[in-house]
Amino acid sequence: MTFGVRLVFFLQAFCLLTIHTHGQKKEDATAEEVKIEVLHVPKECKPKSKKGDLLNAHYDGYLAGDGSKFYCSRTQNEGHPKWFVLGVGQVIKGLDIAMMNMCPGEKRKVTIPPSLAYGKEGYGSA
């Protein structure tokens, strides 16, 4: 379990299906608390991800303190990337923030504070 620690995720978006929505309220998310380092941007960077898009991504989770891995999407779902709707809480809030405005094929390293990850309960708690 991880308890109240900063998390580091390596993200790679593979596929992006955009869903056009109107009248969306802008998230009042604390994006400044999520540290994003872009590792790779493909030459073709269209479309960029937004709230409500269906994303297909692999991600690995590490503890920021000691670098130990606590999650790998490649070991889940027979190694297939995870599908989720961006910005609606299907992943932790820090990942929803970190994957906004991301290109298909882009790779990022993100550091997420506990308040936007698993909080006091930690990952894997029941």
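Along the sequence shown, residues carry numbers from 1. Everything numeric in this text was worked out from a predicted model, so none of it was measured.
Considering only heavy atoms from C-beta on, D60 comes within 4.5 Å of R74 through its side chain. Here the side chains of L95 and F84 are not in contact, with every heavy-atom distance at 4.5 Å or above.
Here OH of Y71 is found 5.5 Å from NZ of K82. Values are rounded to the nearest 0.5 Å. Remark: M100 CE to L55 CG distance equals 9.0 Å, nearest 0.5 Å. Between the CG atom of D96 and the NZ atom of K51 there is a distance of 8.5 Å, given to the nearest 0.5 Å. Atom CG of residue L116 and atom OG1 of residue T111 lie 12.0 Å apart, to the nearest 0.5 angstrom. Note: K109 NZ to K35 NZ = 6.5 Å, rounded to the nearest 0.5 Å.
Taking both residues in full, the closest heavy atoms of P104 and P47 are given as CD-O, 3.2 Å, listed atom of the first, atom of the second, then distance. When every heavy atom of K48 is checked against every heavy atom of D53, the shortest pair comes out as O-OD2, 3.9 Å. Of all heavy-atom pairs spanning M102 and E106, the tightest one is CE-O, 3.2 Å.
A search for disulfide (SG to SG under 2.5 Å) contacts involving C72 returns nothing, not counting sequence neighbours. Under the rule for a side-chain hydrogen bond (donor to acceptor under 3.5 Å, both in side chains), T75 has no partner lying at least two apart in sequence or in another chain.
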Go through it in stages, so that I can follow the logic: the residues are Y59 and V110, the test is side-chain contact (heavy atoms from CB on, under 4.5 Å), and I'd like the CA-CA distance, side-chain angles, deciding distance and then a yes or no.
CA-CA 10 Å; Y59 54 93; V110 299; over 6 Å; no
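Pairs of residues two or more places apart, or lying in two chains, that qualify as disulfide (SG to SG under 2.5 Å) and include a residue from residues 33-66 are C45-C103.
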